[in-house]
*Asks:* 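Here's a structure for you.
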Amino acid sequence: MLKAAKRLMTPSARSDVPPFMVMDVMAAAARIEAAGGRVIHMEVGQPAAPAPSCALAAARAALAGPLRYTETLGVPSLRARIARHYQERYGVSVDAARVIVTTGSSGGFVLAFLALFEPGDRVAVAVPGYPPYRHILKALGCEAVPIETTAATRFAITADLLLAAHRRAPLRGVLIASPANPTGTMMTGDTLRELHAAAEREGIRFISDEIYHGLDYAFAADTAVRLSEDAVIINSFSKYFCMTGWRIGWMVVPEPLVRTIDRLQGNLSISVPTLAQVAAEAAFDGREEMEAVKHGYEENRRILIDGLPKAGLERMLPVDGAFYLYADVSRFSSDSFDFAKRMLEETHVAATPGVDFDPVNGRHFIRFCYAGSAAEMHEAVERIGRWLGSK
Ligand SMILES: Cc1ncc(COP(=O)(O)O)c(C=O)c1O
């Protein structure tokens, strides 16, 4: 009887996706803190700052009224505000009818993959890259095709790399992010345009994750909205607007997909949390506050670019955008998981091992998130310098 029940409870093969190893680092950091240690958290990719104060005020006011379901595609005034954002920030006109509000960009991936791909379809993703791309695709029965990237292409998928993979076995889609996680690198405008043109020529569907837009330091990130009305754009209030826990994002999709995604989202979740939608609309008025937060990241970036090489970590990827620095630790270890674990235990600085993002070369890298305070950055550099100096 027990045996039969156990057999019934066997999880599906497609649900067998790997966990995020950073969770182990977080659990170890929590144990150190419970024992009275003071950990500098540079492992989780989220801003330390709260949402803009105008967003918080709007949410507080909304709590007084009923919070009902909204239209499945999002509150119309928020969709219109997001469309206006494209005019203001990039000078491109977007029809609000193509804007869809989602439960974070994470919700956007599920909708985009369901709307664009059939089970078995092959979708190119960059390695190193954000692991849930691969894992969500797998859970939906699609195949993530890892495209190994190198310094020569600023860790971006190029048209040549895409076409080479497509020749080996046909691709149905490609997903890019610029600025990227974990590398913090950005695609140049030319690379983006050439990649998009190659994908369009070959009938490969193009998805652009623009979650780190607004957090660009090396040069201005451009939106794929400009390239074609057929590109699927995924974005979020999590990073620039410091709203990770509000779980709200958006997509800009080709007009023929709007009704499809409306039906999908309506069935999967009815609508996106109403309180978060109210706060998100107001957040656009908090840009001044968010620019101050961004200047803080710029200062943190400067402290790390200057300090980490002196501390012993000389080699890092170009620190173009987002709030990540991907550092090469191969001088000290060929097992970044073990390196991150020992660094945490011995210096109380938490970072994420690269193997989370790249099962092969990631063993030589760790990712630092620099979304904390400048004082923490200085202290982290000093602790790491003392530790590596003693090696
Ligand atoms: C590249 C990238 N895309 C998407 C996400 C998901 O973010 P959210 O669901 O909070 O919008 C993250 C989170 O860290 C990320 O780094």
Side-chain angles (χ1 to χ4, degrees), residues 17 19-23 25-26 41-51 55 74 78 82 99-113 123-137 139 144 146 149 155-157 174-187 207-216 221 223-224 232-252 265 268-269 272-273 276-277 279-280 283 290 297 317 320-326 351-352 354 356-358 362 367-371:
V17 294
F20 229 173
M21 287 191 202
V22 68
M23 294 304 172
V25 179
M26 283 166 70
H41 288 278
M42 301 177 77
E43 77 281 34
V44 186
Q46 68 177 337
L78 172 58
I82 292 168
V99 175
I100 297 174
V101 180
T102 58
T103 312
S105 66
S106 303
F109 296 129
V110 177
L111 294 168
F113 298 163
V123 182
V125 295
V127 173
Y130 181 58
Y133 297 152
R134 288 180 264 130
H135 303 163
I136 300 171
L137 282 165
T149 63
F155 300 91
I157 301 177
V174 58
L175 167 54
I176 55 115
S178 170
N181 177 13
T183 56
T185 54
M186 288 171 59
M187 295 175 81
I207 307 173
S208 177
D209 177 1
E210 303 187 350
I211 184 170
Y212 291 105
H213 275 214
L215 303 178
D216 38 8
T223 174
V232 171
I233 288 41
I234 297 187
N235 208 321
S236 176
F237 289 88
S238 288
K239 310 293 173 157
Y240 178 80
F241 288 106
C242 301
M243 293 177 71
T244 47
W246 294 79
R247 310 308 304 128
I248 181 142
W250 75 87
M251 308 166 80
V252 180
Q265 180 148 269
L268 288 171
S269 52
V272 171
Q277 294 194 61
M290 294 299 101
Y297 301 151
L317 270 53
D320 293 337
F323 32 52
Y324 302 120
L325 185 150
Y326 205 51
T352 308
D356 249 353
F357 311 100
D358 176 353
R367 186 197 73 176
F368 291 99
C369 170
Y370 56 86

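Remember, it's 1-based here, ligands and their atoms both numbered in the order they're listed. In this chain, numbering begins with 1 at the start of the sequence shown.
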*Asks:* Less than 4.5 Å apart, side chain to side chain, heavy atoms only: is that true for Val272 and Ile248?
*Replies:* yes

*Asks:* Heavy atoms only: which of Gly45, Ser106, Gly104 lies closest to atom 9 (O) of ligand 1?
*Replies:* Ser106

*Asks:* Output yes when the distance from some N or O of ligand 1 to some N or O of Tyr324 is under 3.5 Å, and no in every other case.
*Replies:* no

*Asks:* Please confirm whether Phe237 approaches ligand 1 to less than 4.0 Å, judged on its heavy atoms.
*Replies:* no

*Asks:* Within a strict 4.5 Å, meaning less than it, do heavy atoms of the Phe241 and Met290 side chains meet?
*Replies:* yes

*Asks:* Evaluate Glu210 against Thr223 for side-chain hydrogen bond (donor to acceptor under 3.5 Å, both in side chains), listing each step before the verdict.
*Replies:* CA-CA 7 Å; Glu210 303 187 350; Thr223 174; 2.8 Å; yes

*Asks:* Are Phe323 and Lys239 packed together at the side-chain level, in the sense that at least one heavy-atom pair is separated by less than 4.5 angstrom?
*Replies:* yes

*Asks:* Does ligand 1 have any atom that is closer than 4.0 Å to a heavy atom of Thr244?
*Replies:* no

*Asks:* Report, in ascending order of atom number, the atoms of ligand 1 lying under 4.0 Å from any heavy atom of Tyr133.
*Replies:* 1 (C)

*Asks:* Check whether any heavy atom of Lys239 sits under 4.0 Å from an atom of ligand 1.
*Replies:* yes

*Asks:* Give the atom numbers and elements of ligand 1 that come within less than 4.0 Å of a heavy atom of Arg247.
*Replies:* 8 (P), 9 (O), 10 (O)

*Asks:* Between ligand 1 and Ser238, is the shortest N or O to N or O distance under 3.5 Å?
*Replies:* yes

*Asks:* Under 4.0 Å from a heavy atom of Asn181: which atoms of ligand 1 are those, numbered in the order shown and with their elements?
*Replies:* 1 (C), 15 (C), 16 (O)

*Asks:* Run through Asn181, Thr183, Asp356 and flag the one making a side-chain hydrogen bond (donor to acceptor under 3.5 Å, both in side chains) with Arg367.
*Replies:* Asn181

*Asks:* Which pair of heavy atoms, one from Thr149 and one from Ile157, lies closest together, and at what distance?
*Replies:* CG2-N, 3.9 Å

*Asks:* For atom 3 (N) of ligand 1, which protein heavy atom lies nearest, and how many Å away is it?
*Replies:* Asp209 OD2, 2.7 Å

*Asks:* Anything under 30° is parallel, anything over 60° is perpendicular, the rest tilted; go ahead and classify Phe109 against Tyr130.
*Replies:* tilted

*Asks:* So which heavy atom in the protein is nearest atom 4 (C) of ligand 1, and how far is it from that ligand atom?
*Replies:* Ser105 OG, 3.1 Å

*Asks:* Would you say that Pro179 contacts His213 through its side chain, given a criterion of any heavy-atom pair below 4.5 Å between the two side chains?
*Replies:* yes

